[in-house]
Amino acid sequence: MMFTKLVTFQYILTTFFFSLLRVYSLEVSGVSLSNVNVMFGYDAVEDENIEASALLKWKASLDNQSQVSLSSWSTFTTPCKWKGIVCDESNSVSTINLENFGLQGTLLNLNLSSFPKLLRLYVSYNNLSGPIPSQIGNMSKISVLKMKHNYFSGSIPLTIGMLTNLVTLDLSSNLLSGTIPSLRNLTNLEQLILFSNLLSGPIPEDLGGLHHLRTIKLLDNHISGPIPSSIGDLANLTKLQLTRNKLNGSIPSSLGNLTKLIELSISENKLSGSIPASIGNLVYLKRLNLAQNKLSGHIPSTFRNLTKLTFLLLHVNKLTGSFSIATSNLTNLVNLQLSSNHFTGPLPQYICLGGSLRYFAANDNRFTGPIPSSLKNCSSLMRLNLAKNMLMGNIPNDFGVYPNLKYIDLSRNAFNGHLSSNWVKCHNLIGLIISYNRLFGGIPPELGQAPKLQMLELSSNRLTGKIPKELGNLTQLFQLSISKNNLSGNIPIEIGSLNQLQLFDLATNNLSGPIPKQLGRLLKLNHLNLSHNNFTESIPSELSQLQHLRELDLSGNSLNGKIPATLGKLKMLEYFNLSHNNLSGNISASFKNMFSLTNVDISNNQLEGPIPNNRAFLNAPFQALQNNKNLCGHASGLMPCPQLLSHNPNNIKSMMFLLFLALGALFVVGVSLYIHWQKARKKKKQEKEEQNRDLFSILHYDGKIVHETIIEATNNFDEKHLIGKGGFGGVYKAILPSGQIVAVKKLQVEVDREMVDFKAFTSEVRTLTEIKHRNIVKLHGFCEHPRYCFLVYEFVEGGSLDKVLNSETHAAMFDWNKRANVVKGVANALYHMHHGCSPPIVHRDISSKNVLIDLEYEARLSDFGTAKILNPNSRNLTSFAGTYGYAAPELAYTMEVNEKCDVFSFGVLCLEIIMGNHPGDLISSMHSPSSTSVTANLLLKDVMDQRLPLPVMPVVKEVVIIAKVAFACLNERPLSRPTMEDVYNKFVMPKSPLTRETLNTILLGQLQND
């Protein structure tokens, strides 16, 4: 074996030697070396070596995991055999396909000029960051460039405009900003895909010259200005997506020239004016989405030409006139959304003639007349919302059996007839809402056979008879509202089996008998309204088991006896109305601990004695306390209660004893203050001595050793170890000799004046070393040195929240449960800082960049470079150090920093987590003078991250609570914002229930877009 290897090696050497001799003889005989290279294929070898060298150099710049993914890339094999590399016949690299390789790093070390024959570059679905190198323009032959789903930032290089052979350009789902560069030279371009970035500025007018374009996707950016009329010159265009930008002006009529167009989506912009009649020329159009703009006027009659339409979304505009006349030929629709406009006249008569309609919403319009006959036989229907119109007709006659129907809302119309048992035959029915109509007759017991029913809303009709006990079989029901009818009899005890029920409203009927104690089993109940009936006997003490209850209204009945003291256990109760009954006796002192209570009414009873020492009772208007037997206390209109202490000897002895205790307490406090003063003096002396040290110091470590270890681990803070930038410096990833991974924040002390004498440095160190909390990044130590100053933190593997939200892949994995947990984690951290530290600590720079996510999606608050320890006895004035877009508005005119600044930033962060991007426009519209009109019809589902399916129970409750908290935190008036303690209690106490309106809102949004 050894001999064989030796012979082989000698043969190779001999062959190489004679090759050299041959080359030499050719050169001597007048044949140039360049010709020899051509003769023997040396050009290809040289190109291959250049390409291999460029790829290997780039591989070396990537992280360790990327090295593993590219393990086949080696000097021992040709690049043509490497994973992800394809070569042409001349062995030159023609395709680089590295999609989904898990690569992490930048393209800055990849010499793109080394691939003169490259035709296709795919690096999508990785973790690549940094800018797109301008030398990308040197790849003159490239036809496909796909770099989507990464973290590329900065502007799109102008040199991309030099790639004249480019057919597909896909840079979507990155962090690219700036304007779209001129692409007028890309005359072969067929696909322009730039969605989900941060691009701004106008759509380039010269796009109209790229006549081969078939697809334009610019949605989910910040692009502004009008839609260029030159787009109408793109005769081959089949797909135009401009949704969720800031486009304004009118829809150019030239779009009617795009006769090959299949999809036109320009929703969620600021477009105004009428819909041009030329849109009717787009006879191949299947999807037309103009929703959520400011469009006005009538639907053009030319719409009858759009016979291939399957999706027509026009909701939330200002459109008027008759919809039916202009759209009589649209029989292939699957999804038709007309809600929140000003349409009049009848509903479209042939709406389901093709038998494909699944989603139809026409709510919040002025439609009149009967229901089209085609809807009765529309077996494909899944969602139907006709609420808030002026429709009429007979419910049993005009609506059929829909095997696929999940949700129907016919509320606030003029429908009559009885409630048919046919609804039970809609086996998938989840929501049945027919409130505010003219229904009569009884509630059919057969409704108890609808196993999937979650929402039954029959309020404000003329229903009579008893509540069927069979409704107790609807174990998935979470909302039951049959108020404002003429129902009689008792509440059936079977209702106690509805263990998912959250809202139960029977107000304003003729119900009688006792309130069943079985209602105490409805442990998820948060809204209970039995008011204005004829209930008798006492209030069952079992209601105290309803720990989620927020609203309890038993007013206007004939209840007697005492108010159960156990009701004081309802810690989440906010609204409490027992007025107009025959209740008697004292009110238990246990009610003083109902800290959530804000609205109480106990008027018109026989109550006596002192009112509870609770703010809701003390601040109640006299009308809420009047007409009782003998109530007293410090509230409006009441007489003060008699003094408990009089001048008898026993009371004097008690007062003397209390005085003695007070003097003793003062003595103890004085001694404690003296000891504390001595300790503080000693500590101050030690701190002064530490400040005079002229080398460096490090907490919990041997300073010199760690200093040198960090310098070595980061290769003297080489940029390839840089993982981010904070408020005061870069953050580097360092792997210590022990294998421990830490994050090192190098501080730029020479740049920021606020760090003169290391004030910000020592502030951050002191803050972090004193805070120990699972949701706050742990500080291992710090180093202060004439050359470098840095902090050593724990390394949080998942990276920052903003990168998670800006990545399509990561955002899709960041589901609603995980998002709710992140919000609660940040809330816990801020609650600890504001209320668990003395003095309180304000972070001052809450943003998605400063929230880190570990592998378990636990939130960690980081970057306290701008933190400030507040002195409660002084105004805390400082220079602005937050992140624009998150800072509280009052910082624009005052530099006074307090906890409410963090609260505002927390509200922005909450909305960003819900929406998936920064909520700047939504916040601006909230704070504008026309905010009421802007947000009045806004559903939560309209702003939720569209990359996730809508949340379902029970996490939907968490999301709604987060949204409510966010809007409260964003109040322009700091005093009106909640404290972080208020926010914390919303999350850690038993979950706050949802009002009827909130449940309707979230369910409507959820069901319309299933």
Side-chain angles (χ1 to χ4, degrees), residues 106-108 110-113 115 118-124 128-234 236-237 239-249 252 266 269 806 917:
T106 72
L107 292 180
L108 296 176
L110 178 59
N111 186 356
L112 298 174
S113 303
F115 307 96
L118 190 66
L119 300 178
R120 292 168 289 273
L121 175 61
Y122 305 91
V123 291
S124 301
L128 298 171
S129 57
I132 298 173
S134 59
Q135 62 178 231
I136 202 165
N138 296 335
M139 299 188 297
S140 57
K141 293 189 176 182
I142 197 162
S143 62
V144 179
L145 181 58
K146 290 192 174 185
M147 307 173 72
K148 62 183 176 181
H149 289 274
N150 279 286
Y151 297 98
F152 292 118
S153 57
S155 301
I156 300 174
L158 298 176
T159 52
I160 276 187
M162 300 165 57
L163 304 179
T164 55
N165 290 307
L166 205 58
V167 174
T168 298
L169 175 61
D170 189 346
L171 306 178
S172 60
S173 299
N174 280 288
L175 303 174
L176 299 170
S177 57
T179 59
I180 301 172
S182 173
L183 305 175
R184 61 175 172 269
N185 294 327
L186 307 187
T187 53
N188 292 302
L189 196 64
E190 295 181 5
Q191 293 187 314
L192 176 61
I193 305 175
L194 304 176
F195 67 83
S196 293
N197 277 288
L198 305 172
L199 299 170
S200 57
I203 299 173
E205 185 79 30
D206 55 19
L207 281 187
L210 307 182
H211 298 297
H212 287 91
L213 268 177
R214 292 187 291 110
T215 299
I216 297 178
K217 295 185 179 182
L218 304 180
L219 62 157
D220 287 307
N221 279 287
H222 303 302
I223 298 171
S224 58
I227 299 173
S229 59
S230 62
I231 297 289
D233 297 333
L234 302 175
N236 291 304
L237 202 63
K239 188 173 291 188
L240 177 59
Q241 296 180 348
L242 305 176
T243 292
R244 285 186 290 279
N245 279 290
K246 299 178 180 179
L247 298 170
N248 55 30
I266 50 179
N269 281 285
N806 285 315
N917 51 51

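Computed from heavy atoms alone, side chains included, the values below leave out hydrogens, waters and symmetry copies.
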Heavy atoms of Ser124 and Met147 approach each other most closely as OG-N, 3.6 Å

Q: Look only at the side chain of Asn806 and the backbone of Tyr151, and say whether a donor-acceptor pair between them is shorter than 3.5 Å.
A: no

Close side-chain approach of Phe195 to Ser173, heavy-atom, < 4.5 Å
yes

Notebook entry, point to check: Just by modelled atom types, is the Asn221 backbone N or O under 3.5 Å from a matching donor or acceptor in the Asn197 side chain?
Noted result: no

Looking at Asn248, is its backbone amide N or carbonyl O close enough to the side chain of Asn269 to form a donor-acceptor pair, meaning the two atoms are under 3.5 Å apart? no

>> Could you walk me through whether Leu169 and Leu163 satisfy the side chain to side chain contact (heavy atoms under 4.5 Å, CB included) test, starting with their C-alpha distance in whole Å, then the side-chain angles of each, then the deciding distance to 0.1 Å, before giving a yes or no?
In response: CA-CA 10 Å; Leu169 175 61; Leu163 304 179; over 6 Å; no

Between Glu205 and Ser230 the two heavy atoms that sit nearest each other are O-OG, 2.7 Å

- Pairwise side-chain contact, Leu237 with Ile216, heavy-atom cut-off 4.5 Å (strictly under): yes

Sequence neighbours excluded, the answer for salt bridge (Lys or Arg N to Asp or Glu O under 4.0 Å) partners of Lys246 is Asp921

Per side chain to side chain contact (heavy atoms under 4.5 Å, CB included), Asn188 is matched among Thr168, Asn165, Leu210 by Asn165

query = Got Leu158 and Ser134 here, is their nearest side-chain heavy-atom distance under 4.5 Å?
reply = no

All heavy atoms of Leu213 vs all of Leu234, minimum pair found to be CD1-CD1, 4.1 Å

Legend entry - Residues Leu207, Ile180; criterion side chain to side chain contact (heavy atoms under 4.5 Å, CB included); working and verdict: CA-CA 10 Å; Leu207 281 187; Ile180 301 172; 5.9 Å; no

Side chains of Asn917 and Leu198: closer than 4.5 Å at any heavy-atom pair?
no

When Pro157, Ser155, Ser153 are each screened for side chain to side chain contact (heavy atoms under 4.5 Å, CB included) with Ile132, the one that passes is Pro157

Heavy-atom nearest pair, His222 first then Asn245, reads N-OD1, 3.4 Å

*asked:* Please check: side-chain N/O of Asn138 versus main-chain N/O of Ser113, any donor-acceptor pairing under 3.5 Å?
replied: no

Is any side-chain heavy atom of Thr243 less than 4.5 Å from a side-chain heavy atom of Asp220?
-> no

Any side-chain heavy-atom pair of Ile193 and Lys148 under 4.5 Å
no

_Please check this pair: side chain of Thr215 against backbone of Lys239, looking for a donor-acceptor N/O pair closer than 3.5 Å._
no

Phe152 and Asn174 have their tightest heavy-atom pair at N-OD1, 3.1 Å

| said: In the structure I gave you, are the side-chain heavy atoms of Gln135 and Asn111 within less than 4.5 Å of one another anywhere? | reply: yes

If you count the non-hydrogen atoms of other residues, nucleotides and ligands that lie under 6.0 Å from NE2 in His212, is the total more than 12?
no

If you define the side chain from C-beta out and look only at heavy atoms, does anything of Leu176 sit under 4.5 Å from Leu194? no

Practice task
Decide yes or no on side chain to side chain contact (heavy atoms under 4.5 Å, CB included) for Ile203 and Ile223, but give the supporting numbers first.
Solution key: CA-CA 7 Å; Ile203 299 173; Ile223 298 171; 3.7 Å; yes

Closest heavy-atom pair, Pro252 versus Pro228, reported as atoms and distance to 0.1 Å, is CG-O, 4.3 Å

